[in-house]
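What follows is a single structure, written as structure tokens, with notes after it.
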Amino acid sequence: MLRALIIDDEPNSAETLRLWLSHLPRVEVVDVCTSAYAGLTAIQDKQPDVVFLDIEMPYLNGFDLLASLPTVNFSVVFTTAYNHYAIRAIRFSALDYLLKPIDLDELQRAVDSARQRKEARQTTQQYRVFFDNLKNQSQALNKLTLATQEGYLFVPIGEIVRCESDRNYTQFHLTNGRPVLVSKNLGEFEELLTDYNFFRVHNSHLVNLGHVRRYLRTEGGQLELTDGSIIDVSRRRKDELLARLGQ
């Protein structure tokens, strides 16, 4: 049974979420709180497995509530009525969020994810990385949380050389030479990393342009990266790539 706690200052939103969760199998809603302070007490008293936490609340918002806890031994699903400025930091940290009005399929996905996190015995380190990402916007300081079979790996963006598509998986190639396989497709990481100097040079490769050693004028073009790899460049992406490289 997954023990769920709802913290949302909008009673109608909180009640709707409670009703939907009550219809999902093996989910028990242990409490519904309409203020952050009541939520803090309920977290201590109810010991939930997952907290559905509204971001925008008066006096103490969802981030402040989370930051005030000495440890976080439960999963968090952030909820918000609009595309919040912090969504990027949330996604970088491999955390879950739901946009209101909440979609039932997305809610089911968040619940399934919370079950997996419960089994993995997630630690507070993931939330520390989230707060670091929330405060820092530069590539050098941001970290990407990679959910692997062994647990969570927290990788500085600058240490990612390239990302390679492997069907519904993505293989990360890092500066330390260690490949890391993640069960998300390359398109999801392209959306996250494009603003951080990454470029999709081919259907199968997303490259950190900071790790490009040289461009090879072969047929179609190729990139040599700092890890020694040679990556083909799609003909249709060649001109845009050269413009990005300042050629």
Side-chain angles (χ1 to χ4, degrees), residues 83 85-97 113 116 120 125-247:
N83 203 336
Y85 71 92
I87 294 300
R88 181 186 292 273
I90 291 170
R91 294 182 65 196
F92 260 74
S93 306
L95 299 174
D96 283 319
Y97 71 95
S113 178
Q116 294 172 3
Q125 177 63 26
Q126 191 171 0
Y127 295 100
R128 293 195 185 103
V129 169
F130 163 66
F131 285 116
D132 286 343
N133 286 342
L134 193 61
K135 289 184 293 185
N136 303 312
Q137 299 300 318
S138 71
Q139 174 179 336
L141 294 176
N142 262 309
K143 289 184 179 180
L144 185 65
T145 299
L146 303 180
T148 70
Q149 288 186 336
E150 294 79 23
Y152 293 94
L153 186 65
F154 309 103
V155 181
I157 294 175
E159 294 183 8
I160 302 170
V161 178
R162 58 191 174 97
C163 310
E164 183 178 4
S165 175
D166 185 0
R167 294 186 293 274
N168 292 326
Y169 293 81
T170 299
Q171 186 94 260
F172 278 75
H173 298 269
L174 310 178
T175 53
N176 63 8
R178 174 189 173 188
V180 179
L181 188 65
V182 180
S183 59
K184 286 185 179 181
N185 64 51
L186 188 61
E188 294 188 53
F189 292 111
E190 179 184 12
E191 183 183 351
L192 276 181
L193 294 171
T194 294
D195 290 342
Y196 291 82
N197 206 31
F198 282 72
F199 188 82
R200 185 83 171 257
V201 298
H202 194 276
N203 283 341
S204 62
H205 264 98
L206 180 67
V207 168
N208 184 343
L209 296 182
H211 282 284
V212 172
R213 181 174 290 159
R214 59 177 175 155
Y215 174 78
L216 304 173
R217 296 186 182 277
T218 59
E219 183 179 357
Q222 293 178 313
L223 290 179
E224 180 183 343
L225 304 181
T226 55
D227 66 350
S229 59
I230 304 294
I231 307 299
D232 290 333
V233 177
S234 166
R235 289 178 181 272
R236 65 184 181 85
R237 304 307 305 272
K238 174 183 174 181
D239 290 343
E240 186 180 352
L241 170 66
L242 291 177
R244 289 282 298 271
L245 291 173
Q247 299 297 314

For Thr175, all residues meeting side-chain hydrogen bond (donor to acceptor under 3.5 Å, both in side chains), sequence neighbours excluded | none
Side chains of Ile157 and Phe198: closer than 4.5 Å at any heavy-atom pair?
-> yes
Looking at CG of Leu193 and CD of Glu188, how far apart are the two atoms once the value is rounded to the nearest 0.5 Å?
-> 11.5 Å
Is the Phe92-Tyr196 ring centre distance short of 6.0 angstrom?
-> yes
Calculate, to the nearest 0.5 Å, the distance between atoms OG1 and NE2 belonging to Thr170 and His205 respectively.
-> 10.5 Å
What's the spacing between Cys163 SG and Leu186 CG if we round to 0.5 Å?
-> 6.5 Å
Between Asp195 and Arg88, does a side chain to side chain contact (heavy atoms under 4.5 Å, CB included) hold up when you go through it step by step?
-> CA-CA 11 Å; Asp195 290 342; Arg88 181 186 292 273; 2.7 Å; yes
Tyr169 side chain reached by Lys184 side chain, heavy atoms, under 4.5 Å | no
Do Val201 and Arg237 pass the side chain to side chain contact (heavy atoms under 4.5 Å, CB included) test, and can you show the C-alpha distance, the side-chain angles, and the key distance before you say yes or no?
-> CA-CA 6 Å; Val201 298; Arg237 304 307 305 272; 5.6 Å; no
For the residue pair Lys238 and Val233, what are the closest heavy atoms and their distance?
-> CA-CG1, 4.0 Å
Atom of Ile160, atom of His211 and distance for their closest heavy-atom approach | O-CD2, 3.5 Å
Tyr215 OH to Glu224 CD distance, which is reported to the nearest 0.5 Å | 14.0 Å
If you round to the nearest 0.5 Å, how far is NE2 of His202 from CG of Leu223?
-> 12.0 Å
Given the rule in the salt bridge (charged side-chain N to carboxylate O under 4.0 Å, His left out) test, do Glu191 and Arg91 qualify, once you have shown the distances and angles that lead to the verdict?
-> CA-CA 10 Å; Glu191 183 183 351; Arg91 294 182 65 196; 3.2 Å; yes
Side chains of Glu164 and Phe172: does their closest heavy-atom pair fall under 4.5 Å?
-> no
From CA spacing to verdict: side chain to side chain contact (heavy atoms under 4.5 Å, CB included), Leu153, Lys143 = CA-CA 10 Å; Leu153 186 65; Lys143 289 184 179 180; over 6 Å; no
Who pairs with Thr148 by side-chain hydrogen bond (donor to acceptor under 3.5 Å, both in side chains), at least two apart in sequence or on another chain?
-> Glu150
Main-chain N/O of Gly228 paired to Arg213 side chain as donor or acceptor, under 3.5 Å | no
Are Asp166 and Gln171 close enough, and set up right, to give a side-chain hydrogen bond (donor to acceptor under 3.5 Å, both in side chains), and what steps lead you there?
-> CA-CA 7 Å; Asp166 185 0; Gln171 186 94 260; 5.1 Å; no
Sequence neighbours excluded, the answer for side-chain contact (heavy atoms from CB on, under 4.5 Å) partners of Thr145 is Ser93, Ala94, Gln126, Val129, Tyr152, Phe154
Residues, nucleotides or ligands: over 12 heavy atoms within 6.0 Å of Asn176 CG | yes
Quick one: do Phe189 and Val182 satisfy side chain to side chain contact (heavy atoms under 4.5 Å, CB included)? Show the steps, please.
-> CA-CA 10 Å; Phe189 292 111; Val182 180; 3.8 Å; yes
Spacing of Leu241 atom CG and Leu209 atom CG [to the nearest 0.5 Å] | 6.5 Å
Expected output: side-chain Arg162 to main-chain Leu206 donor-acceptor under 3.5 Å | no
Heavy-atom pair of closest approach, residues Leu174 and Val161 = C-CG2, 3.9 Å
